[in-house]
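Since the structure comes first, as structure tokens, the remarks are kept for the end.
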Amino acid sequence: MYGICKLKIFIRHSHGVDPRYSGACAHPPRSGWRPLHGVTTTQGAVLPQPIRCPRKENYKSQYAPRRPVRRRKAAPQNSSRAGVSLSPWRARPLRKSRAGAGGPSAPAAMALVATVAALLAALGGALWLAARRFVGPSVRHGGGDSGLMHGKTVLITGANSGLGRATAAELLRLGARVIMGCRDRARAEEAAGQLRRELRQAGGPGPGSDAGEAGEAGELVVKELDLASLRSVRAFCQEMLQEEPRLDVLINNAGIFQCPYMKTEDGFEMQFGVNHLGHFLLTNLLLGLLKSSAPSRIVVVSSKLYKYGDINFEDLNSEQSYNKSFCYSRSKLANILFTRELARRLEGTNVTVNVLHPGIVRTNLGRHIHIPLLVKPLFNLVSWAFFKTPVEGAQTSVYLASSPEVEGVSGKYFGDCKEEALLPKAMDESVARKLWDISEVMVGILK
Ligand SMILES: NC(=O)C1=CN([C@@H]2O[C@H](COP(=O)(O)OP(=O)(O)OC[C@H]3O[C@@H](n4cnc5c(N)ncnc54)[C@H](OP(=O)(O)O)[C@@H]3O)[C@@H](O)[C@H]2O)C=CC1
Ligand SMILES: CC1=C(/C=C/C(C)=C\C=C\C(C)=C\C=O)C(C)(C)CCC1
């Protein structure tokens, strides 16, 4: 209970409804951390404002509660006169076909042409999609130079799957010593084994083999890290500080997407806890090592969905209400605010920090989205056709981790290896400072 001990910013409610909330929100709080109103932190941030209920916020359509579906009124039934459709949806009289009376009629010919055109379009579309998939963009930023990351140590969280795995593969190929920070050792070892085999098959010298020469592939190391446990993050960092003489790049990649309401080991809402708080503690505990290895880099994987988030300081733990989309977006907005505040704090240290969105990528991130079995093949087809592959999605992470083009660049937001503009809410310095202060309290690192 760091918060109550250190700053008295939060109070813990284990049962009952806090009288402060009565009348302010129709949704009674669950147990967990509660911010006190109007308290000032040591850094001068005035904490939480009066209660607002997130359910009353006006989010974009996908976040709003679904409206009841209105039934279409059935068109009046027609009589069963000859040549008139009986279907309530086709009330117009049917024309008599002239087929057979000396060749196809004009409408029949047009239907034939339309069908052929539709078939050709579908075929063309399928070919185009297939070409995109198989020939597709093989951008390799900083790529080609297989020794670019030689001698560098990179830590990637969530490196056993999706974007993290693809980022690890590429940085390994570029010669880095890659530490995979993963919550499940077995899954991580399996992924590491596959990556080593893939590299050997691709003609590389094989990771772990004398990585002393530029041009050689790097090395893969698995370490256990559960971002949903502050204890695990601390233990992981202790091991890092004991065993690793340097850390050149930290990639905060791991993430969880739209899970049902769950809490971390320390009682935080899971998406905020893993995506923001776990990485917040990790980064802070590794800052000394990053500074002593400077020039060094921190790369934060956020999402464009930050646009639908809001840092509602009065309910950071989603006790009053839980909307899984909102909470994911909030955690990704927190990633950006964290990056910008950290960049400000790191000025002059030669440690840079940048944040990115990878696009929509076909990974395991959608594991909590329930899709009925029957439509799953359709979704798979759509994601296969339109989502990026993990290798494509990882390009911006690799670019920010390794490219000389971004040497010295800090506090910026990237997509497709280019800087992009942010919404004002992601650039609000006072919100960023306040979030930093509160996060310090939540993870217990207040100095
Ligand atoms: N895919 C996409 O379209 C987009 C992804 N992103 C972001 O990209 C990042 C990577 O996601 P992606 O590769 O797509 O998804 P995946 O689900 O494939 O990978 C997520 C990784 O995070 C790990 N992870 C989850 N929870 C924890 C935890 N408590 N402690 C440690 N590791 C954890 C997972 O481990 P395990 O395998 O053990 O579950 C996995 O390795 C995320 O931050 C996500 O928000 C952003 C925008 C779009
Ligand atoms: C969202 C749906 C799917 C999967 C999505 C995946 C794998 C990742 C999406 C991540 C996003 C949008 C992250 C943003 O930060 C399925 C293809 C599984 C099914 C449809 C819905």
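The structure displayed is predicted, hence computed values, not measured ones. For ligands, and for the atoms within them, numbers begin at 1 and follow the listed sequence. Sequential numbering from 1 along the given sequence is applied to the chain's residues.
Using a non-hydrogen distance threshold of 4.0 Å, Gly359 registers as a contact of ligand 1. Ligand 1 is approached by Pro358 to a heavy-atom distance shorter than 4.0 Å. Distances shorter than 4.0 angstrom do not occur between any heavy atom of Phe387 and any atom of ligand 1. Not close to ligand 1: Arg362, with no non-hydrogen atom less than 4.0 angstrom away.
Considering backbone and side-chain atoms together, Asp184 places no N or O closer than 3.5 Å to any N or O of ligand 1. Considering backbone and side-chain N/O of Ser383, none are found under 3.5 Å from N/O of ligand 2. Considering both main-chain and side-chain atoms, Ile360 never comes within under 3.5 Å of ligand 1 through any nitrogen or oxygen pair. In terms of polar-atom proximity, Gly164 is not counted as a contact of ligand 1, lacking any N or O under 3.5 Å from an N or O of the ligand.
Looking only at protein heavy atoms, the nearest one to atom 12 (C) of ligand 2 is Phe257 CZ, 4.1 Å. Looking only at heavy atoms of the protein, atom 20 (C) of ligand 2 is closest to Phe379 CD2, 3.4 Å. Ranking the protein heavy atoms by distance from atom 13 (O) of ligand 1 puts Leu163 N, 2.8 Å first. Atom 17 (O) of ligand 1 has its closest protein heavy atom at Arg367 NH2, 2.7 Å. The protein heavy-atom contact nearest to atom 7 (C) of ligand 2 is Thr363 O, 3.3 Å. The single protein non-hydrogen atom nearest to atom 46 (C) of ligand 1 is Ser302 O, 3.1 Å, given as residue, atom name and distance. Scanning all protein heavy atoms for the shortest distance to atom 20 (C) of ligand 1 gives Gly255 O, 3.7 Å. Counting protein heavy atoms only, atom 21 (C) of ligand 2 is closest to Ile369 CG2, 4.2 Å. With respect to atom 29 (N) of ligand 1, the closest heavy atom belonging to the protein is Asp226 OD1, 3.0 Å. Protein heavy atom at the shortest distance from atom 8 (C) of ligand 2 is Val361 O, 3.9 Å. Of the protein's heavy atoms, Ser161 OG, 3.7 Å lies nearest to atom 19 (O) of ligand 1. For atom 6 (C) of ligand 2, the nearest protein heavy atom (residue, atom name, distance) is Gly366 N, 3.8 Å. Of the protein's non-hydrogen atoms, the one nearest atom 31 (C) of ligand 1 is Leu225 O, 3.3 Å. For atom 5 (C) of ligand 2, the closest heavy atom belonging to the protein is Phe387 CE2, 3.8 Å. Regarding atom 16 (C) of ligand 2, its nearest protein heavy-atom neighbour is Ile371 CD1, 3.9 Å. Nearest protein heavy-atom contact of atom 41 (O) of ligand 1 is Asn160 OD1, 2.7 Å.
Checking Asn253, Asn335, Ile256 against atom 9 (C) of ligand 1, the nearest heavy atom belongs to Asn253. Evaluated by nearest non-hydrogen atom to atom 44 (C) of ligand 1, the leading choice among Tyr328, Phe236, Phe257 is Tyr328. Of the listed residues (Glu265, Arg183, Met180), the one carrying the non-hydrogen atom nearest atom 39 (O) of ligand 1 is Arg183. Residue nearest to atom 12 (P) of ligand 1, selected from Leu227, Val300, Thr363: Thr363 (by heavy-atom distance).
By the 4.0 Å N-to-carboxylate-O rule, Lys324 lies too far from Glu269 to be salt-bridged with it. A salt bridge between Lys263 and Glu319 is present, with a side-chain N of the basic residue lying under 4.0 Å from a carboxylate O of the acidic one. Contact check on Arg165 versus Glu198 returns a salt bridge, with a Lys/Arg side-chain nitrogen under 4.0 Å from an Asp/Glu carboxylate oxygen. A salt bridge does not link Arg183 with Glu224: every distance from a Lys NZ or Arg NE/NH1/NH2 to an Asp or Glu carboxylate oxygen is 4.0 Å or more. A salt bridge is absent between Arg340 and Glu429: the closest approach of a Lys/Arg side-chain nitrogen to an acidic carboxylate oxygen does not fall below 4.0 angstrom. Ion pairing of Glu244 with Arg177 is present here, as a side-chain N (NZ or NE/NH1/NH2) and a carboxylate O approach within less than 4.0 Å. A salt bridge is absent between Glu190 and Arg187: the closest approach of a Lys/Arg side-chain nitrogen to an acidic carboxylate oxygen does not fall below 4.0 angstrom.
Residue Arg165 does not touch ligand 1, judged by heavy-atom distances below 4.0 Å. The proximity of Val382 to ligand 2, defined as any non-hydrogen pair under 4.0 Å, does not occur for either the backbone or the side chain.
Close contacts between ligand 1 and Ala254 involve ligand atoms 22 (O), 23 (C), 24 (N), 32 (N), 33 (C), 43 (O) [criterion: under 4.0 Å to a heavy atom]. Every atom of ligand 2 with a heavy atom of Leu365 under 4.0 Å away is listed here by number and element: 10 (C), 13 (C). Close contacts between ligand 1 and Val301 involve ligand atoms 7 (C), 8 (O), 9 (C), 43 (O) [criterion: under 4.0 Å to a heavy atom]. Close approach of ligand 1 to Gly162 (heavy-atom distance below 4.0 Å) involves ligand atoms 13 (O), 18 (O). Listed by number with element, the atoms of ligand 1 under 4.0 angstrom from any heavy atom of Ser303 are 46 (C), 47 (C). Those atoms of ligand 1 with a heavy atom of Ala228 less than 4.0 angstrom away are 29 (N). If you number the atoms of ligand 2 from 1 as listed, the ones under 4.0 Å from a heavy atom of Ser303 come out as 14 (C), 15 (O). Below 4.0 Å from some heavy atom of Arg187 lie the following atoms of ligand 1, by number and element: 36 (P), 37 (O), 38 (O), 39 (O). Taking a cut-off of under 4.0 Å to the non-hydrogen atoms of Gly158, the atoms of ligand 1 that pass are 21 (C), 22 (O), 23 (C), 41 (O).
Annotation: Phe338 is in aromatic contact with Phe280 [ring centroid separation under 6.0 Å]. In this structure, the ring of Tyr328 has its center no less than 6.0 angstrom from the ring center of Phe272. Aromatic ring centres of His357 and Phe414 lie farther apart than the 6.0 Å criterion allows.
The presence of a protein heavy atom under 4.0 Å from atom 2 (C) of ligand 2 is ruled out.
Heavy atoms from other residues, nucleotides or ligands lying under 6.0 Å from CD1 of Ile360 number 12 at most. Residue Lys425 places its NZ atom among more than 12 non-hydrogen atoms of other residues, nucleotides or ligands, all under 6.0 Å distant. Counting non-hydrogen atoms of other residues, nucleotides and ligands closer than 6.0 Å to CG of Leu119 gives a total above 12.
At least one cation-pi condition fails for Lys223 and Phe236: the charged atom is not both under 6.0 angstrom from the six-membered ring centre and inside a 45 degree cone around its axis.
Side chain to side chain, Ser161 and Asn364 meet the donor-acceptor criterion of an N or O pair below 3.5 Å.
In this structure, the side chains of Val301 and Ser397 come closer than 4.5 Å at one or more pairs of heavy atoms. Side-chain contact between Asn284 and Leu342 is absent, with no heavy atoms from C-beta onward closer than 4.5 Å.
A distance of 7.5 Å separates CG of Asn380 from CD1 of Ile371, quoted to the nearest 0.5 Å.
Side chain of Asn253 to backbone of Ile156: no donor-acceptor contact under 3.5 angstrom is found. Not a single donor-acceptor pair under 3.5 Å links the side chain of Ser439 to the backbone N or O of Leu277. Side chain of Thr396 to main chain of Asp416: a donor-acceptor pair is present (N/O by atom type, distance under 3.5 Å, no hydrogens or angles).
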